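Written below as structure tokens is the structure these notes are about.
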Amino acid sequence: MFSTAFLDLPALQGAAGTVMLPGSKSISNRVLLLSALCQGTTVVHDLLDSDDTRVMLAALKQLGCGVQADGTTVTITGLGGHAWPAEAIEFFMGNAGTAMRPLTAALAVQGGDFTLKGVPRMHERPIGDLVDALRELGGAIDYLGNDGFPPLRIRQPALQLDKPIPVRGDVSSQFLTALLMALPLAAGHQAITIEVVGELISKPYIEITLNLLARYGIAIERQGWERFVIPAGSRYRSPGSIHVEADASSASYFIALGAIAKGAGIRIQGVGADSIQGDIRFMDAAEQMGAKITSGPNWLEIQRGAWPLKGITLDCNHIPDAAMTLAVMALYANGPTTLTNIASWRVKETDRIVAMAAECRKLGATVEEGPDWITVHPLPQRQFPNALAKGQWQRASIHTYDDHRVAMCFSLAAFNADHIPVRIEDPKCVAKTFPDYFEALFSVAHTAAKHIPVICIDGPTASGKGTLASRVAAQLGYHYLDSGALYRVTAFAALQAGLTLEAADEAAIATLARALPVRFEGEQVLLNDVDVTDAIRSEQGGMNASKVSVLPAVRDALVQLQHSFQRLPGLLADGRDMGTVIFPDAPLKVFLTASAAQRAERRHKQLISKGISTTLDSLRADLEARDARDSSRSVAPLKAAQDALQLDNSSLSIEASVAQVLAWWQSQRD
Ligand code: DC
């Protein structure tokens, strides 16, 4: 997961490959609650691991449910047949609507002394219609803040279930879902009837609820979309085990990707056209816009069809969440796209009509909006390779409003015709439903090397390159190449193979280097799966590296391996010749220096802290000898690239050096 302040997506040019999607949020949280209300255990496979499910699991544990997690398989031991807690419990619901609403209903029907709170945004999301319905049936619920909004306090109810319970259906279908899942708790000798007031929105989510309730032994009788009857004697029965489908709303980004990006097509694993999730109908909308889609029981394959895409007008009541993706596809169309019946966007994680309009406009698009609709006009596409369509897409920093879907939608803008990178602010907000979204995107997206930024940090030994480069990499969410480690590992492997580090063995060492079985895992360096980190990091390891690094054939053999680190979304490379030889076109090159005295002192402190005894004088002599060899060798000698920026960090803190490099990078991007 990217937990950086922002993520710069390079201009992307195509996509191909297979993605496995995480489990559906809607199904995951319903299944968790239903499993909790059953007697006995339910094994839930492919559960989504996200903020929303974590909130639900934490709440269920507080209630006394057994929860055993093993990767994405979670075993729930339900509360059925057990006494519910008598003591007061306070639940923190974060911003998880799919946990807040159904839990409120279940707790209100069951009764106890419960308080439900959330983040400030949760306290702005309406729940009044659900509370009204629960009060109608005898629930004892108080608002602790503003009327109609969380936080809530729930006490012991005085249930009255003999007359139909009215619930509004035109604000959020989650209220009806909440009642449908909670009321079987109270269906003893009498049937319970729920009556929907107003036009029911988001019917497909109700279909998911009914479908899952049936899996848990509750056969709801539905009369149109107005009346729902829970038969007398209904009881939750565990299905024993259940699989969660991949999230159809998450699939929308990859369906759109297949429709937008050039390439051999995208295959989505984990959900197919026969999904029980309403958002799967997004595929019909994507097809209308031009996508070519084929499907099997548990997969979808998407290819670009019409290009540019075709602008459409669509009532999106049936696909409220996935419809946001259409708003970004609209940027790639041949005419305006109008999405109607999307009033529910206004009460989601953020006001999504405002958010989508504002961010599309930042990219340069014209957008019109109304109370429950949005029209997005396209930005010019290049229909033919040489067609002129440049200069229309604006460089933008996309604000994401703590809304996962805004972040995921706008990643698709990186395929713009002007090859302009797109900044996504607060990328970790995708954790709500798809923590590894950007990793999944990068695993199938591709672009020319010239679009993948490399920042080079070269300099002499012990100048602090490694620390600086890895810190900057962490701030930008970029990969990190410690090229010195490759020379160190090469020397280590050569000695292990019984070779000398002299010119006589140059060819043999080069052969070794060309197929070096090295892997980097965080701070660890593994050679043939053996951890050699400490062995290569020694002073002797550095000297040995310096020796093999003067051999031209060895340097040559390591070029390809170094280039392979240039992957999406970008790279920080440190070494001696990153800017001069390996990545000569890098947009930012830094040459880091510090006085020999300073460097010797830093290295001395480092070694002492590791319990290695040494003297300052001998260290300084070693450093200077290494500098001399690295700078005087005939190939790729240590020297600043002509276009490198010099940074003398003798009297700078690490933080100040990091800030300087980031400032250079930012000004270079502006
Ligand atoms: O950065 P370091 O101390 O881990 O590097 C060890 C040796 O490897 C260094 O003395 C010279 C060599 N080296 C090189 O020649 N080219 C690089 N890009 C990186 C390191």
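Every number for a ligand or one of its atoms is a count from 1 in the order of the listing. No experiment lies behind these values; they were computed from the predicted model shown.
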H399 and Y401 aromatic centres sub-6.0 Å:
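Close enough - the centres of the two rings lie under 6.0 Å apart.
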Lys/Arg-Asp/Glu bridge criterion (N-O < 4.0 Å) met for D458, R576:
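Judged by the 4.0 Å cut-off on N to carboxylate O distance, D458 and R576 do not form a salt bridge.
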Side-chain (D574) to main-chain (D482) donor-acceptor, under 3.5 angstrom:
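Pair absent, no side-chain N/O of D574 close to backbone of D482.
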ring-ring contact (aromatic ring centres under 6.0 Å, His included) partner of Y437, the single match among F254, F442, F410:
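So the option named by the test is F254.
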Tell me, which residues have any heavy atom less than 4.0 Å from some atom of ligand 1?
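Heavy-atom contacts below 4.0 Å: T461, K465, S483, G484, Y487, R488, A545, S546, S549, R555, G575, R576, D577, M578, R626, D630, R633.
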Calculate, to the nearest 0.5 Å, the distance between atoms CG and NE2 belonging to L623 and H604 respectively.
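If I round to the nearest 0.5 Å, the distance is 11.5 Å.
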Partners of N544 by side-chain hydrogen bond (donor to acceptor under 3.5 Å, both in side chains), sequence neighbours excluded?
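For N544 the side-chain hydrogen bond (donor to acceptor under 3.5 Å, both in side chains) partners, ignoring immediate neighbours, are Q540.
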